[in-house]
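Chain letters run A, B, ... following the sequence lines, proteins first, then strands; residues in each count from 1.
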Amino acid sequence: MIEVFLILLPFFGGILSFIIPKFNKVIGLGTFVLTLFFVFGLGLQLLDKGSYYHFIGGWDAPLGINLYVDGLSLVMLGLTSVMGLSLSIYAKKYFICKQSLWFWTIWLFMIAGLNALFLSQDIFNFYVTLELIGLSSVALTALSDTKEALTGAMRYLLITLLGSLFYLLGVALLYHGFGSVDIVILSKKIESIPVAWAALGLMSIGLLLKSALFPFHFWLPLAHSSAPAPISAILSAVIIKASLYIQLRLWSSLFIPLGADLYFEVLFAFFGSLAVIWGSIKALVQTRLKMLIAYSTVAQVGYLFIAFSLALGGISIAWSALVYLILSHALAKSAMFLVAGNLLHFHGHDRIIDLDRIAQRLPLSTTAFALAGVSIIGLPLSGGFIGKWFLLEASITKSNWVITCTILLGGLLATGYVFKVLGFTFTKTAFSQETKNISLSMELIPLSLAIMAIALGFFATPLFSLMEIGNPFFIIRVQP
Amino acid sequence: MSTLFVYAIVGIGLFSIGLYALIMQKHLLRKLLAINIMGSGVFLLFVSLSMRSVTGVLTDPVPSAMVITGIVVAISATALALGLMIKIARKSAKAELCNLDQE
């Protein structure tokens, strides 16, 4: 029953905080604490009895809608609730009265959509939850109410609607061809006929638009950089991975068993590598901090798709690399965006050259940025390192040297843009700047997120065993 | 079968026209209309594909239910987009997406 509450709780929280705006902060924070507890309970239940289905209202699949919980969904739910709680604590101080009126309701709806997505097990539910998430994240992006933010939000809205329509067309074809939208039933019925491949192509285009893989990344930098800091953080950390999660589910249970995924493997690797190089170079030449971080997200999405392509190529370690990269990037990137939010608040601008002795005046924020940078670059012992290490191992196993070189080059470029920012935190600008105070919690939250990104590197083994409950990737193990 | 074929072709046609207009048109209202036309194309295809027998007597009710959900989503998305468009028009005096990268 817990999984139903994971969806209902944020929904009712959102409605309540809209009806009683006086207590919206308390309601919001309370909901997130409860959600975190529920995810914890779900984890215990999962460890106890393994992956399981929940039939909503007691109706089984062809008639009703099933929820499904396994290791992968648990990890994503855990990530969402941890990010949700920390960003809420940050947002409590960040948003002033008028914005906070809207923020909490839409924010809780978005979390409800995310939770529902990670628990879904049918392709039409994925569509509905994608739209929920898309619409609420567009509304949140527009919250800062500047010209950039509105333009970014509009572009984002058009792209997310376009992506959803492509996806829905794919759903229509799959339903027509095989008579169900439930993934388990589909996986039994699906055959390698043109309808299946047309649906695969349409759904992939739609989801790639939303995940912002290289040729489709054009909307991301503006939307992610002009949104309010906590929103930028959740957009980069979880939202773009939600559509990737659907890709994972579709491929691992429907399309990999069909075979002939060679073209997609090459395609994902090609565009992933281009994304790594292009995103990193663009990040390197940016003059504004939030833009730099947003372009770094473009590069990191490239890594995710390189891992995905290697996993499609049948190398099982690439799946672990993929999930690990998702987690470490989420934590590190959100820490970076929150630090950028702090600097924007502190100085009133985020031009990298004009950062004025940040290292001395905001030491906690600078530390957070540096630690997050360590994980993004993939220096040893951090979470990012484990992910990239597995990725390298997978590419070497496959003897794909182009990918190996791209991964290494991407790391080098990442070092460049992280240190470009860190270098300017020590310098003094020629002119004096007015500064505003930053409350302690706004500095501590990014720091703790960055520390978590590093700490991920120390908990690789338990995380992997948790992730593999229910064998979400259908990896065939040879019993010794 | 041929009736179904006509509906499917019209659906795909609407989808393509909408896609073309979405990319080529500059005014935001036209872009929104394009998105809605694309949506209608998908819905038409979805509903027409539910006709499983040749005579059209037996229809599958599930796609209709899904299309209703889709229409609800499309309406709320359009409402949000119109609201955003009005805000953009007030800020920049024209309802178009300007290229901010060059500024």
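Residues A/Tyr175 and B/Asp60 are in side-chain contact: their nearest non-hydrogen atoms beyond the backbone lie under 4.5 Å apart. Counting only heavy atoms from C-beta outward, the side chains of B/Lys91 and A/Asp145 approach each other to under 4.5 Å. Two residues are said to be in side-chain contact when any heavy atoms from C-beta on lie closer than 4.5 Å; B/Val42 and A/Phe166 fail this criterion. Residues A/Leu158 and B/Leu32 are in side-chain contact: their nearest non-hydrogen atoms beyond the backbone lie under 4.5 Å apart.
Between B/Ser76 and A/Leu135, the shortest heavy-atom distance links the atoms OG-CD1, 4.2 Å. Looking at every heavy atom in both residues, B/Gly70 comes nearest to A/Tyr127 through CA-OH, 4.1 Å. Residue A/Leu162 comes nearest to B/Leu22 through the heavy atom pair CD1-CD2, 3.6 Å, listed as atom of the first residue, atom of the second, then distance.
Contacts between B/Leu45 and chain A at a heavy-atom distance below 4.5 Å involve the side chain alone, from C-beta outward. Only the side chain of A/Leu157 comes within less than 4.5 Å of a heavy atom in chain B; its backbone stays farther off.
Summarising the local packing, CZ of A/Phe11 is surrounded by more than 12 heavy atoms from other residues, nucleotides or ligands at distances under 6.0 Å. Counted within 6.0 Å of CZ on A/Phe55, heavy atoms from surrounding residues, nucleotides or ligands total more than 12; the atom is thus considered enclosed.
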**Residue pair B/Thr78, A/Leu161: steps toward the side-chain contact (heavy atoms from CB on, under 4.5 Å) verdict** = CA-CA 10 Å; B/Thr78 311; A/Leu161 289 179; over 6 Å; no
**Request:** Given side-chain contact (heavy atoms from CB on, under 4.5 Å), test B/Phe43 with A/Leu168 step by step and report yes or no.
**Result:** CA-CA 9 Å; B/Phe43 298 149; A/Leu168 188 63; 3.7 Å; yes
**Prompt:** Can B/Phe15 and A/Leu165 be said to form a side-chain contact (heavy atoms from CB on, under 4.5 Å), step by step?
**Reply:** CA-CA 9 Å; B/Phe15 187 82; A/Leu165 285 175; 4.2 Å; yes
**Request:** Show your working on side-chain contact (heavy atoms from CB on, under 4.5 Å) between B/Leu84 and A/Val138 and close with a plain yes or no.
**Result:** CA-CA 10 Å; B/Leu84 263 180; A/Val138 168; 3.7 Å; yes
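Of the inter-residue distances, the one linking B/Lys31 atom NZ with A/Met154 atom CE reads 9.0 Å to the nearest 0.5 angstrom. Here the CZ-OG1 distance, from A/Phe124 to B/Thr69, works out to 4.5 Å after rounding to the nearest 0.5 Å.
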